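Atoms within each ligand, like the ligands themselves, are counted from 1 in listed order. By convention here, the first residue in the shown sequence is residue 1. These figures come from a predicted structure and were not determined experimentally.
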Amino acid sequence: MGYFRKNIERAEGYTPGFQPEQGDVIKLNTNENPYPPSPMVMETMSQITAEQLRRYPDPAANAFRVTASQVHDVAAENIMCCNGGDDLLTICFRAFCDKNRPVAYPVPTYSLYPVLANLQNCKKIEAPFDGEFNLPAKLAGTGAGLTIVCNPNAPNGSFINVSELACLADEINGVLLIDEAYVDFAEDNCLSLVRNFDNVIILRSMSKGYSLAGLRFGYAIANPDLINGLMKVKDSYNVDGVAIAIAAAAIADQQYFKENVEKVKNSRKLLTQQLQALGFNVPASSANFVLAENKKYKAAAIYDKLAERNIYVRYWGVPQLDDKLRITVGTDEQNDKLISALKEIL
Ligand SMILES: Cc1ncc(COP(=O)(O)O)c(C=O)c1O
């Protein structure tokens, strides 16, 4: 007999996007922001003291909560900080799922959800999206303890209207977690649902819009009862003192954040047009990536040829996605290099 619980032995871990070691690559495979974080972040980092490192951090990360609450016009009690949005996902599986409380989500979506379900040993109810990525009606009646909707959805960037998610929150008995990791690049968001529904949790990440993927910082926004329950599940010191100071500085600099997001959105429009001109089918995306399909050429072959040229995009050899490439929106210069390489390859 092995040392691990049976479901852990059976489980496959999450496969993160490839992180090349050499610097001279065009990395459009893990949805990082192509621009550096706010200058206020670097300033804050330079002022970190030995005392801040010697002491344990504030378990509630109030310096961040207070600033974020002003940005979002909610109370600090509506916010819980996490070691990246992924930490919040783990906390939610631990809090709401077990053998009798399944998780439900539409597919295809963020491939971490089934991995966490397998680790928690809970049943997965996967509701397939239709061709237009509409919210599957099946989600309303699953009886799941946790329903997750990734909005904008990964890996295609589609956006489900707030009113539809309000109906879903109303219809289900369990918790609705709306994964808004990419919402900074969308035109709308579901924050208002937190005021009207006691079962809605919004996930936000500092990795994308704020260019802090390396820091690991995300947060939940929900009503205080849910937040207090989640606080019992998280590690006491799940975010470190340096991260709290840096994330607070980043979210305080809204002007820098908005300028960067606008740049990425403009580049997304241009990249979409350039890819379409090359014969790719590229549905509208509300995220910092696009999902591109070329009916004539195999996605896996294009992926390999791009990698030979040190250009990395994301490819999954799984049903529904094995004919597509997910491409992170880079700077216009990076996108131009990708397009030139594609012109050579096709
Ligand atoms: C859909 C989705 N949700 C959540 C996350 C977690 O982001 P992070 O842990 O970097 O905050 C990611 C990361 O790529 C994601 O794609």
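- Closest to atom 13 (C) of ligand 1 among all protein heavy atoms lies K208 NZ, 3.3 Å.
- Annotation: Y210 is not in aromatic contact with F217 [ring centroid separation under 6.0 Å not met].
- The hydrophobic cluster containing Y56, built from Ile/Leu/Val/Met/Phe/Trp/Tyr side-chain heavy atoms closer than 4.5 Å, also comprises Y237.
- For ligand 1, the atoms closer than 4.0 angstrom to any heavy atom of G85 are 8 (P), 9 (O), 11 (O).
- When the heavy atoms of N83, D87, D179 are ranked by distance to atom 3 (N) of ligand 1, first place goes to D179.
- Ligand 1 is never approached by G218 to a heavy-atom distance shorter than 4.0 Å.
- Judged by the shortest distance from any of its heavy atoms, R216 lies inside the 4.0 Å radius around the atoms of ligand 1.
- Residue-ligand proximity: C150 is placed with a non-hydrogen atom under 4.0 Å from ligand 1.
- Ring pair Y110/Y113 is perpendicular by interplanar angle, where above 60° counts as perpendicular and below 30° as parallel.
- Looking from atom 7 (O) of ligand 1 to the surrounding protein, the closest heavy atom is S205 OG, 3.8 Å.
- For ligand 1, the atoms closer than 4.0 angstrom to any heavy atom of G84 are 9 (O), 11 (O).
- One finds a salt bridge joining E344 and R309 here, because a Lys/Arg side-chain nitrogen approaches an Asp/Glu carboxylate oxygen to under 4.0 Å.
- When only non-hydrogen protein atoms are considered, atom 16 (O) of ligand 1 lies nearest to Y182 OH, 2.7 Å.
- Shortest contact from atom 10 (O) of ligand 1 to any protein heavy atom: S207 OG, 2.6 Å.
- Geometric assessment of K263 against the ring of Y35 yields a positive cation-pi assignment under the 6.0 Å and 45° thresholds.
- Applying the side chain to side chain contact (heavy atoms under 4.5 Å, CB included) rule to K269 yields the partners Q273; only residues at least two apart in sequence or on another chain are considered.
- Counted by atom type alone, K258 and N260 present zero donor-acceptor pairs between their side chains at under 3.5 Å.
- Heavy-atom separations between N31 and ligand 1 are all 4.0 Å or longer.
- Atom 5 (C) of ligand 1 has D86 OD1, 3.6 Å as its closest protein atom, hydrogens excluded (heavy atom only).
- Between Y182 and F185, the ring center distance fails the sub-6.0 Å criterion.
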